[in-house]
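Taking it in order: structure first as structure tokens, then the write-up.
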Amino acid sequence: VSVPPEALSRSFREAYGAQSQHFPNYGRGQGLTSQQWWLDVVKQTFRLSGMQEERVLTLMAEKLYHDFCSAHNWEVLPGASETLSQCCQRGFHMGVVSNFDNRLEKILSQCNLRHHFEFVLTSEGVGFAKPDGRIFEKALCLSGVPPQQAAHIGDDYTRDYRAARAVGMHGFLLQAAGQGEEPEVPPEHVLPTLGHLLALIEK
């Protein structure tokens, strides 16, 4: 199958956006599984790019779904493992709060990151997606700390930074230089890299 990358990128954005609108949070409340949700996104992406052979689309979609359980298709941010190890050494209770499906636990294990975290909360698993405050409240309950003693780090202004602060948590926005700046985020809440986290927390 030969599809220009630019066309595939455009088609993916369109297919993903439409699927998210019609079946939010992987269609959890509408009878879909996350696997079926993703298979439909992949197949529609290739259809929009001009590929119409259903048998091939199904084979490709199933292979891609399973391939993205592997560490080969994910990149760990530079400094992530070292930062997480140092947080563990300082006794921090850490968990993952993600708008991802239930493959996340396996992906984190494959990337040798799962052992840093006490829990992994996915929007598919709990039924609420960020910026819904209930997913943060569930994380606070699992960690056993009040919101004012908790911090959330994420790379999305609305779903991560604002949503965490709305439930009373500290919020840090992971934003590399040159990505654009959010006017409502004080500079001291911005992390150019994960490696900057400990210095900010200790302040």
Side-chain angles (χ1 to χ4, degrees), residues 1-81 96-114 120 122-125 128-132 135 153-163 173-183 185 190-195:
V1 174
S2 178
V3 182
E6 311 78 41
L8 206 58
S9 293
R10 285 194 303 271
S11 298
F12 175 75
R13 286 194 296 271
E14 183 179 341
Y16 182 87
Q19 188 81 329
S20 298
Q21 184 175 1
H22 294 131
F23 302 101
N25 198 18
Y26 308 106
R28 189 182 186 275
Q30 296 151 290
L32 282 183
T33 64
S34 57
Q35 180 169 352
Q36 186 58 56
W37 193 95
W38 277 115
L39 295 182
D40 290 345
V41 168
V42 172
K43 288 193 279 189
Q44 182 63 6
T45 296
F46 280 93
R47 286 189 199 108
L48 291 169
S49 301
M51 176 72 195
Q52 302 298 330
E53 194 175 339
E54 198 63 28
R55 184 184 65 83
V56 176
L57 289 175
T58 298
L59 286 171
M60 287 170 43
E62 289 175 349
K63 177 163 175 49
L64 281 168
Y65 178 84
H66 292 293
D67 280 354
F68 271 86
C69 282
S70 162
H72 297 301
N73 286 299
W74 298 93
E75 182 181 1
V76 177
L77 285 176
S81 295
V96 176
V97 181
S98 175
N99 284 1
F100 202 73
D101 61 63
N102 288 339
R103 289 175 296 173
L104 184 57
E105 189 127 16
K106 183 176 179 181
I107 291 166
L108 290 169
S109 296
Q110 289 269 320
C111 294
N112 197 31
L113 296 173
R114 175 63 184 91
V120 175
T122 64
S123 60
E124 182 187 10
F128 314 117
K130 298 181 290 184
D132 191 317
I135 193 169
I153 298 95
D155 62 2
D156 188 280
Y157 172 68
T158 301
R159 295 183 184 92
D160 292 316
Y161 180 78
R162 282 188 59 185
L173 185 65
L174 187 63
Q175 189 175 66
Q179 278 189 341
E181 296 180 1
E182 297 290 349
V185 182
V190 175
L191 298 174
T193 70
L194 275 177

Handout entry: Separation of Glu54 CD from Leu59 CG (nearest 0.5 Å)
Key = 10.5 Å
Problem - Nearest-0.5 Å distance that lies between atom CZ in Arg28 and atom OG1 in Thr122 - result: 8.5 Å
Handout entry: Distance-minimising heavy-atom pair for Arg103 and Phe68
Key = NH1-CB, 3.8 Å
Practice task
Show the numbers, then the answer: is there a side chain to side chain contact (heavy atoms under 4.5 Å, CB included) between Cys69 and Trp74?
Solution key: CA-CA 9 Å; Cys69 282; Trp74 298 93; over 6 Å; no
Exercise for the section: Check whether any side-chain heavy atom of Leu77 sits under 4.5 Å from a side-chain heavy atom of Leu174, and report yes or no. Expected result: yes
Completion exercise
What one should report as the nearest heavy-atom pair of Tyr161 and Val185 is CE2-CG2, 3.7 Å
Practice task
Have a look at Phe100 and tell me which of Val97, Val96, Leu104, Asn102 forms a side chain to side chain contact (heavy atoms under 4.5 Å, CB included) with it.
Solution key: Leu104
Completion exercise
Rounded to the nearest 0.5 Å, the CE atom of Met51 sits from the OG1 atom of Thr45 at a distance of 13.0 Å
Handout entry: Minimum heavy-atom distance Leu32-Trp37, with the two atoms named
Key = CD1-CD1, 3.9 Å
Practice task
Could you list the residues that satisfy salt bridge (Lys or Arg N to Asp or Glu O under 4.0 Å) with Asp40, not counting sequence neighbours?
Solution key: none
Handout entry: Separation of Ile107 CD1 from Ser98 OG (nearest 0.5 Å)
Key = 9.0 Å
Fill in the blank from the handout: Applying ring-ring contact (aromatic ring centres under 6.0 Å, His included) to Phe128 and not counting sequence neighbours gives none
Handout entry: Atom CD of Glu75: over 12 foreign heavy atoms under 6.0 Å
Key = no
Problem - side chain to side chain contact (heavy atoms under 4.5 Å, CB included) between Tyr26 and Thr33, worked out - result: CA-CA 7 Å; Tyr26 308 106; Thr33 64; over 6 Å; no
Practice task
Go through the structure and list residues passing ring-ring contact (aromatic ring centres under 6.0 Å, His included) with Tyr65, not counting sequence neighbours.
Solution key: none
Problem - Audit row: Ile153, Leu194, side chain to side chain contact (heavy atoms under 4.5 Å, CB included) steps and yes/no - result: CA-CA 9 Å; Ile153 298 95; Leu194 275 177; 4.2 Å; yes
Handout entry: Shortest non-hydrogen contact from Ser70 toward Gln110
Key = CA-OE1, 3.9 Å
Fill in the blank from the handout: Distance col, row Asp160:CG vs Gln175:CD, nearest 0.5 angstrom, shows 11.5 Å
Problem - More than 12 heavy atoms of other groups within 6.0 Å of Arg159 CZ - result: no
Exercise for the section: Under the side chain to side chain contact (heavy atoms under 4.5 Å, CB included) rule, what do Arg162 and Lys130 come out as? Steps first, then yes or no, please. Expected result: CA-CA 10 Å; Arg162 282 188 59 185; Lys130 298 181 290 184; over 6 Å; no
Exercise for the section: Provide the closest heavy-atom pair for Val41 versus Ala15 in the form atom of the first, atom of the second, distance. Expected result: O-CB, 3.8 Å
Problem - Euclidean distance, Gln19 CD relative to Trp38 CH2, rounded to 0.5 Å - result: 9.5 Å
Handout entry: Residue among Leu57, Leu64, Thr58 satisfying side chain to side chain contact (heavy atoms under 4.5 Å, CB included) with Val42
Key = Leu64
Handout entry: Check: Ser49 and Arg10 side chains under 4.5 Å, non-hydrogen atoms
Key = no
